[in-house]
Visitor: 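Pasting a structure below so you can have a look.
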Amino acid sequence: MILTEEDDEFARIERENNMKGQPYHFDIFVPVSQRNQVLEECAKLCLEMEPFYGAMFAQAIREKKE
């Protein structure tokens, strides 16, 4: 079997993650509702940390929601 540079890179990532004890998943599916919930939580944290700039960041994050 001939390995490409991409195959070598995937193998390297897998080796590094196995050393950390955290397996790397190449095909994780996150439901849209869960993704939107995480984005909303991030937006709220931005507002709590910095009132002025946080509002701009929160708006940008909320625009990422589907």
Side-chain angles (χ1 to χ4, degrees):
M1 179 177 179
I2 299 173
L3 297 178
T4 64
E5 288 182 22
E6 184 178 42
D7 294 327
D8 291 338
E9 186 64 17
F10 280 120
R12 181 191 65 78
I13 291 170
E14 189 171 15
R15 274 192 314 275
E16 287 180 5
N17 284 318
N18 285 337
M19 286 187 278
K20 295 177 191 173
Q22 301 272 339
Y24 188 85
H25 300 284
F26 295 102
D27 56 350
I28 295 175
F29 175 75
V30 178
V32 173
S33 60
Q34 186 177 1
R35 178 182 179 274
N36 288 343
Q37 182 180 358
V38 170
L39 289 171
E40 183 60 31
E41 289 176 21
C42 293
K44 288 178 182 178
L45 286 174
C46 287
L47 287 173
E48 289 175 12
M49 288 190 285
E50 173 63 42
F52 179 72
Y53 290 111
M56 295 187 320
F57 287 123
Q59 181 61 34
I61 290 170
R62 286 183 173 126
E63 288 174 1
K64 302 286 184 197
K65 292 170 39 175
E66 294 179 7

Visitor: For a quick test of reading the model, state the closest non-hydrogen atom pair linking V32 to E66 and the distance between them.
Guide: CG2-OE1, 3.6 Å
Visitor: Among all residues two or more places apart in sequence or in another chain, which pass the side chain to side chain contact (heavy atoms under 4.5 Å, CB included) test with E9?
Guide: R12, I13
Visitor: Which residues pass the salt bridge (Lys or Arg N to Asp or Glu O under 4.0 Å) test with K65, not counting sequence neighbours?
Guide: E40
Visitor: Test of understanding: with side chain to side chain donor-acceptor pair (under 3.5 Å), list the residues that count as partners of E48, not counting sequence neighbours.
Guide: none
Visitor: Could you tell me which residues satisfy side chain to side chain contact (heavy atoms under 4.5 Å, CB included) with E6, sequence neighbours excluded, listed by chain and number?
Guide: T4, F10
Visitor: Only counting residues at least two apart or in another chain, list the ones meeting side chain to side chain contact (heavy atoms under 4.5 Å, CB included) with L47.
Guide: A55, A58, R62
Visitor: Linking Ile, Leu, Val, Met, Phe, Trp and Tyr through side-chain heavy atoms less than 4.5 Å apart, which residues share a cluster with L39?
Guide: I61
Visitor: Only counting residues at least two apart or in another chain, list the ones meeting side chain to side chain contact (heavy atoms under 4.5 Å, CB included) with Q37.
Guide: E41
Visitor: Among Ile, Leu, Val, Met, Phe, Trp and Tyr joined by side-chain contacts under 4.5 Å, find the other residues sharing a cluster with Y53 and list them by chain and number.
Guide: F52, M56, F57
